[in-house]
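Here the structure comes first, spelled out in structure tokens, and everything after it is commentary.
Atoms within a ligand are numbered from 1 in the order they appear, just like the ligands themselves.
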Amino acid sequence: MTLACPAAAVAALVDALDDGVGTLASYPDAAPGRWRIEAILPCAPQRVAIETRLALIAAALGIDPPPLTIEPLADVDWLARNRASFPPIAVGPFVVHGEGGSATGRIPIRIDAATAFGTGEHATTRGCLLALAVAVRHRRIARALDVGTGSGVLAIAAARLCRARVLAVDIDPESVMVARRHVRVNGVADLVRVARSDGYRAALVARGAPYDLVLANILARPLAAMALDLARVLARGGVAILSGLLIEQEPWVLWPQRAQGLALARRWRIDGWSTLLLTRRAPNR
Ligand code: SAH
């Protein structure tokens with residue numbers, strides 16, 4: 001359902017059209033002062049009822065009733081379309097690609113457009129991949145933990161880059177399924193195990209400790225709250241990569257990690273997001 005109207009009428013018309021079942025969007029039209037309102041509905045709307053509503057509002061606003069277009073929307077498999085248009089993304093030594101494509105000279109990670117976060121496109125994922133490449137330079141990583149694995153991208157990258165055994169966890173069961181599939185299609189099922197866990201809570205997480213590397217791309221608040229959990233499972237001389245925080249949240253996330261004996265080694269700031277590389281001071285607490 002589409003209609004054009006003057007800018008001043010947008011709010012009132014959107015209110016009148018929004019019945020809570022569809023998706024509504026409004027944006028400025030090419031013509032100055034004109035806006036378009038678009039609604040996508042799960043079934044054909046009642047034209048007469050809507051036109052009556054529009055006419056009433058138009059009269060109250062003193063404008064002409066906006067002409068209404070209603071047309072069926074072709075059934076599109078958006079995931080499939082997204083998959084087809086997913087360009088390979090080169091990040092440090094990696095290239096994250098969708099079905100089909102890859103690039104030579106880099107470590108390929110195949111991630112299909114799916115219902116889990118982590119296609120390599122987001123600044124936080126890119127920050128983590130760049131940090132990972134640096135983190136493995138001067139240390140041997142035999143065991144790694146990926147908290148909030150999403151698509152599994154970071155766990156797969158760690159397995160590929162250093163042949164580490166990785167435990168990847170996510171609070172969301174859908175992400176766990178998607179990550180498992182990606183682990184399989186990337187041929188690292190012998191190295192990566194995926195499980196459901198709220199943060200570090202699952203017994204499996206403690207059982208696999210200590211980890212030489214912990215990756216956590218979540219959000220500032222849980223990162224700050226989980227500082228003690230991280231310190232408990234991180235090996236002496238181990239390294240942690242934290243992301244999902246905004247630049248201005250750095251002090252807030254760093255403080256509790258420092259209190260647990262971790263030190264900031266390096267940070268990446270991309271598009272307003274920050275990725276922190278932290279090392280654990282020896283001796284172990
Ligand atoms: N690691 C991927 C995905 C990051 S998105 C990447 O770097 O691209 C953040 C993920 O963390 C989501 O999949 C979300 O489900 C998960 N998550 C959020 N809170 C969590 C928690 N408390 N414990 C475990 N996973 C969590």
Each residue besides L246 in its hydrophobic cluster should be listed here, by chain and number; the cluster joins Ile, Leu, Val, Met, Phe, Trp and Tyr at side-chain heavy-atom distances under 4.5 Å. W273
Only one of T149, I171, D170 forms a side-chain contact (heavy atoms from CB on, under 4.5 Å) with V176, so which one is it? D170
For a 4.5 angstrom cut-off between non-hydrogen side-chain atoms, does R139 reach V136? no
Validation row: L17, I37 side chains within 4.5 angstrom (heavy atoms): yes
Please list all pairs meeting ring pair (Phe, Tyr, Trp, His ring centres under 6.0 Å) that have one or both residues in residues 212-268, counting only residues at least two apart or in different chains. none
I need the full list of ring pair (Phe, Tyr, Trp, His ring centres under 6.0 Å) pairs touching residues 157-188, with sequence neighbours left out, sorted by first then second residue.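 Residue pairs passing ring pair (Phe, Tyr, Trp, His ring centres under 6.0 Å), neighbours aside: none found.
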Who are the residue neighbours of ligand 1 when the rule is a heavy atom under 4.0 Å from any of its atoms?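 Within 4.0 Å of ligand 1, protein side: F117, G118, T125, G148, T149, G150, V153, L154, D170, I171, D172, S175, S197, D198, G199, N217, I218, M226.
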